[in-house]
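One structure is given below, encoded as structure tokens.
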Amino acid sequence: MLETDVSPTNINPTIYLKDYQKPEFLIPEVMLDFALNQASTLVVATMQVKRSSGSGTPLVLHGEKMQLVSLAINGKTLSDAEYQIDAESLTILNVPDAFELEVQTELLPHLNTELSGLYQSSGNFCTQCEAEGFRRITYFLDRPDVLSVYRVRLTADVVDCPVLLSNGNPVASGRNDDNTHWAEWFDPHPKPSYLFALVAGNLEHVTDHFTTASGNKVELNIYAQQHNIEKCDHAMASLKKSMRWDEDVYGREYDLDIYNIVAVDDFNMGAMENKGLNVFNSKYVLANQDTATDLDYEGIESVIAHEYFHNWSGNRVTCRDWFQLSLKEGFTVFRDQEFSADMGSRAVKRIRDVQSLRAFQFKEDAGPMAHPVRPDSYQEINNFYTSTIYQKGAEVIRMMRELVGVEGFRRGTDLYFDRFDGQAVTTEDFVTSIEQANDIDLAQFRLWYTQSGTPSIRVQQSYTDQTLTLTIQQSCPATPGQDRKRPFQMPLCIALLLPSGEKVLQQTLVLTEDEQSFEFSGLPEQPVVSMLRGFSAPVKLEYNQSDDELLTLVSFDDDGFVRWEAMQRLCLKLLLPAVENGSINEAAYSRVRDAFLKLLTEPCHDKAMLAEMLSLPTASYLAELSEAIEPRQISLIRQQCVQRLAKDLESPFHTVYAQQGQNTDFSLDAESMASRSLKNRTLMYLVATGQPAYYALASHQYHAANTMTDRLSAFTALVHSSYPDRQALIDHFYQQWKDDPLVMDKWFAMQAIAPRDNLLPDIEQLMSNPTFSINNPNKVRSLIGAFTSNLLAFHQQDGAGYKFLVDCVIQLNTINPQVAARLISTINNWRRYAQPYQSLMCTQLERLANENGLASDVTEIVSKALK
Ligand code: B3K
Ligand code: ZN
């Protein structure tokens with residue numbers, strides 16, 4: 001017997017950036033002909049193949065999970081001896097330097113529960129090809145540096161699939177004699193296979209148009225199932241705003257005659273930027289006043305924008321290989337963050353983005369999957385659509401903008417888009433463009449792309465002779481494969497405030513060394529330092545400012561992020577020791593209570609900010625800041641503080657609540673949303689008093705609400721309290737909304753995060769609710785995923801929560817490995833927990849690791865977690 005690779009088939013070989021090689025063949029043109037059928041779909045792919053390097057080497061195409069029907073070169077069918085096929089590739093031994101290759105494959109989309117490649121959602125056909133789904137449609141060079149011009153012909157039953165969509169512009173359509181019809185689409189822009197898409201099914205659409213700055217009229221369509229079609233208006237408005245913004249801010253225009261968006265219920269992530277044909281998780285399209293919260297509306301606006309912005313940052317200029325993923329994702333997240341900041345409250349947007357970065361990216365950076373923004377290696381690319389690539393990647397772009405200024409940054413992006421239009425490039429190409437357009441040296445800055453881990457900034461201050469000295473040290477902990485780190489170059493935005501609140505200086509310091517000192521002279525009074533303004537670098541800040549200094553910042557800083565952060569830090573001085581000691585320090589509590597009281601009773605100029613300022617640090621942030629995480633203690637202490645603040649400040653909370661009024665006219669303007677946000681923040685505290693009068697108030701709000709924001713807030717406050725009619729309320733909500741899957745997602749999630757013990761039986765029961773389906777990623781995320789974020793209920797001291805999670809992951813491993821891998825990642829930082837949680841998680845991870853037939857997605861996460 002020949003010696004072969006003895007590694008089990010479920011472990012993908014590690015792929016290294018250093019092994020990147022240019023493709024030996026290119027496919028400048030491809031014609032795809034789909035005969036779509038419920039039982040089986042036939043695909044005929046006709047490609048013009050050209051050798052680009054090497055000579056005489058075989059052609060190796062990617063392909064998996066489909067049936068090869070036939071192969072022909074220049075019209076001549078190949079015999080079995082002329083090619084080799086295995087589970088992942090097709091090799092044609094002798095090929096000319098230029099030829100036409102015809103590949104026929106058969107697919108079974110109705111059995112595709114992985115939702116990668118061609119699959120069905122609610123009976124409609126759709127595709128998801130990023131990163132490597134196209135190889136489940138036909139044999140191809142399924143890598144982002146092979147760009148092709150696509151012509152696509154779709155044929156399907158005229159009744160089942162009246163709508164036939166693909167990328168590019170529609171060119172022709174017609175009827176056949178056999179109850180089928182066809183449509184042909186042509187996309188003139190060369191693109192990688194991951195941007196291919198088709199949709200075919202029974203869908204309605206809303207239509208509008210947009211005239212570009214150059215005067216081209218673009219048809220805009222949003223497709224959804226008929227019963228959802230009246231929920232597409234906000235998405236359409238968001239699309240038009242995005243198109244205008246990208247012209248105004250980046251000078252980028254749309255480049256086809258038509259832009260189609262399709263909403264589907266079964267989707268692994270948020271949405272996908274396929275050229276001219278975005279496919280969206282319906283969560284990020286559908287909204288109306290009765291079913292969507294203000295947060296949902298904001299989420300839709302930002303994801304619509306994100307996918308639209310990819311048309312330039314991702315599609316026109318794409319990635320050379322998947323190690324460069326942040327080239328398009330980090331940059332596009334940065335673009336969508338700035339768009340949202342321009343559309344709404346810039347400060348609140350920044351606060352939410354920082355909260356999310358800390359909750360997910362900092363956690364990832366401190367765990368076994370820590371990787372640089374440009375990773376060096378991966379096993380399963382689907383596991384690298386991470387918070388590091390997306391969110392930290394966006395922070396890296398933001399820092400470059402801070403270093404070169406807004407105008408310099410625009411010069412850099414203009415150069416980047418002009419120079420690399422139509423090409424597949426690297427993060428290095430982006431940085432070089434910023435450098436060359438600004439004549440600066442970003443050599444040290446590039447470490448952000450190659451070093452993983454979250455840096456810490458330690459600040460010490462002294463004040464003598466009217467001079468303030470700030471001594472700043474930076475360090476970065478060891479991460480897998482990277483023991484020692486070099487200092488990063490980073491912008492540190494600061495300001496100095498006099499105790500009266502007057503700002504006397506604002507400056508961007510640039511850190512480059514392990515330790516640096518900065519002096520500010522001529523200061524007759526000791527100033528208060530407003531540090532890391534706008535969260536100008538993605539770091540942990542260790543800076544011991546006094547309560548008085550923090551309170552000065554809370555009252556006077558003109559940087560919304562710092563104002564909020566100062567309040568958070570004041571709360572942390574209460575919460576972190578309380579978690580550690582198991583009891584609340586009265587002096588620390590009083591300071592937080594008094595600060596809350598001041599905020600509640602002072603005239604309020606920005607309700608959205610006030611709502612944020614009145615929130616205690618999240619449980620996940622408290623976990624992030626803990627040495628050894630005590631999940632239950634964190635949850636209990638945080639709840640205790642909420643309840644004490646609620647009782648002590650009941651009257652001012654009630655006054656502010658009442659000032660917001662009950663049902664104002666529904667509007668999505670900033671002021672109305674801010675008022676709802678503040679109202680519902682105060683309602684949460686009022687219900688936390690446990691007083692029947694406030695249960696009644698919340699119940700009234702629930703029943704009388706004219707928006708889902710108000711209804712869901714009241715529902716959540718009551719479901720998370722000791723409200724005696726809790727179950728009746730849960731049942732009422734269910735009866736009202738059981739036919740709306742997106743509202744049911746909220747119903748599942750709010751129950752799953754209730755801060756109560758003994759929740760697991762409820763979760764198991766909810767899994768058998770008829771509206772739950774383990775095949776639907778939204779349902780898995782909203783019930784099981786949300787439950788794993790419940791620090792009290794998930795982290796049982798007998799490990800039952802972890803066992804439940806692993807049982808779910810084992811089930812999902814065969815249904816949808818991408819979703820399974822995401823889910824198990826929640827506990828891959830098990831080493832950070834105190835005992836007994838740590839050992840209990842480890843036991844369950846080991847049980848999972850010993851399962852037979854684990855998908856490579858899950859294997860990579862579990863094996864790295866246990867390493
Ligand atoms: N580019 C897609 C993500 C694809 C994920 C594949 N596992 C959505 C986005 O970031 O816009
Ligand atoms: Zn993206």
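When a ligand or atom number is given, it counts from 1 through the structure's own listing order.
An angle of 100° is found at the Zn ion (ligand 2) between His310 atom NE2 and Glu329 atom OE1, rounded to 10°.
Aromatic ring orientation, Tyr254 versus Tyr259: perpendicular (interplanar angle above 60°, classes split at 30° and 60°).
With sequence neighbours excluded, no residue forms a salt bridge (charged side-chain N to carboxylate O under 4.0 Å, His left out) with Arg781. Every ring pair (Phe, Tyr, Trp, His ring centres under 6.0 Å) that Trp312 has, sequence neighbours left out, goes to Phe417.
Contact atoms of ligand 1 toward Lys328: 1 (N) (distance under 4.0 Å to a heavy atom of the residue). Near Glu273, meaning under 4.0 Å from one of its heavy atoms, ligand 1 places the atoms 1 (N), 2 (C), 8 (C), 9 (C), 11 (O). Close approach of ligand 1 to Gln818 (heavy-atom distance below 4.0 Å) involves ligand atoms 7 (N). Near Asn382, meaning under 4.0 Å from one of its heavy atoms, ligand 1 places the atoms 7 (N). Within the listing of ligand 1, atoms 3 (C), 4 (C), 5 (C) sit less than 4.0 angstrom from a heavy atom of Met269. Of all atoms in ligand 1, numbered sequentially from 1 with element shown, those under 4.0 Å from a heavy atom of Met272 are 1 (N), 2 (C). Distances below 4.0 Å separate heavy atoms of His310 from the following atoms of ligand 1: 9 (C), 10 (O), 11 (O).
Nearest protein neighbour of atom 8 (C) of ligand 1, counting heavy atoms only, is Ala271 O, 2.9 Å. Taking atom 3 (C) of ligand 1 as the reference point, the nearest protein heavy-atom neighbour is Tyr390 OH, 3.5 Å.
Taking the ring centre of Tyr139 as origin, the terminal cationic atom of Arg135 falls outside the region bounded by 6.0 Å and 45° from the ring axis.
With no hydrogens or angles considered, a side-chain donor-acceptor pair links Glu428 and Thr432 at under 3.5 Å.
Note that the NZ atom of Lys22 and the CZ atom of Arg320 stand 9.0 Å from one another [nearest 0.5 Å].
Other residues, nucleotides and ligands place more than 12 heavy atoms under 6.0 Å from the NZ atom of Lys392.
The distance from the Zn ion (ligand 2) to the nearest N/O/S atom of Glu273 is not under 2.8 Å.
Selection from Arg822, His306, Glu329, Glu130 by nearest heavy atom to atom 4 (C) of ligand 1 gives Glu130.
Between the side chain of Glu380 and the backbone N or O of Asn382, at least one donor-acceptor pair lies under 3.5 Å.
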